[in-house]
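Following: one structure in structure tokens, then a few remarks.
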Amino acid sequence: MADFFDRVWRVVALIPEGRVTTYGHIARHLGLGRSARLVGHALHAVGRAGARGPDLPCHRVVNRVGELSGRLRFETPTVMEERLRAEGVSFLDDGRVDLARHLWEPRGAESLP
DNA sequence: AAACTGACGGGCG
DNA sequence: ACGCCCGCCAGTT
């Protein structure tokens with residue numbers, strides 16, 4: 001389980017600046033397609049204690065339609081969007097991330113334990 | 001110990 | 001596009 005958190009963090013650390021990915025993509029990439037929620041739990045765990053990567057770009061993880069569903073777990077409810085805008089991520093009129101432009105899909109060997 | 005709670009996703013109408 | 005419901009599963013009550 002804790003190793004699952006590790007794998008999630010490892011993937012998140014790879015998201016390039018100015019790109020985003022979704023909980024579901026990460027979960028599927030790790031072979032746990034139906035447990036996207038656990039990815040959220042893993043990131044929530046980052047916030048507390050910061051035992052692991054305190055510098056993880058967790059703001060680059062959004063839900064499947066590009067909503068910043070985790071914004072309330074950040075220092076303030078707005079930093080998530082601010083950080084993304086600061087790296088050049090564009091938003092649609094309805095406030096969702098423009099996934100068509102910025103979605104990054106995990107691929108490669110980082111899934112290996 | 002049982003119930004509730006989500007940083008979720010997919011299917012259906 | 002939208003709302004609803006169901007499956008999922010570790011934490012918290």
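Proteins come first, then strands; the chains are lettered A, B, ... in the order of their sequence lines, and each starts at number 1.
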Pairing pattern in dot-bracket form [Watson-Crick, G-U; both distances under 3.5 Å; | = partner strand] for DNA chain C: .||||||.|||||
Does the [X] side chain pair with the main chain of [Y], one donor and one acceptor, at a distance under 3.5 Å?
X	Y	value
T22(A)	H25(A)	yes
T76(A)	T78(A)	yes
N63(A)	G66(A)	yes

Do nucleotides 6-13 of chain B as a string where each nucleotide becomes B, S or -: B if the base has a protein heavy atom under 4.0 Å, S if just the sugar-phosphate does, - if no protein is that close. BBBSB---
Can you list the steps and then say if R73(A) with L43(A) is a side chain to side chain contact (heavy atoms under 4.5 Å, CB included)? CA-CA 9 Å; R73(A) 306 301 138 194; L43(A) 294 186; over 6 Å; no
Rounding to 0.5 Å, atoms CZ (R60(A)) and CZ (R83(A)) come to a distance of 10.0 Å
Please check if any side-chain donor atom of H59(A) sits under 3.5 Å from a side-chain acceptor atom of E87(A), or the reverse. yes
Show your working on side chain to side chain contact (heavy atoms under 4.5 Å, CB included) between L30(A) and F4(A) and close with a plain yes or no. CA-CA 9 Å; L30(A) 297 178; F4(A) 173 68; 3.9 Å; yes
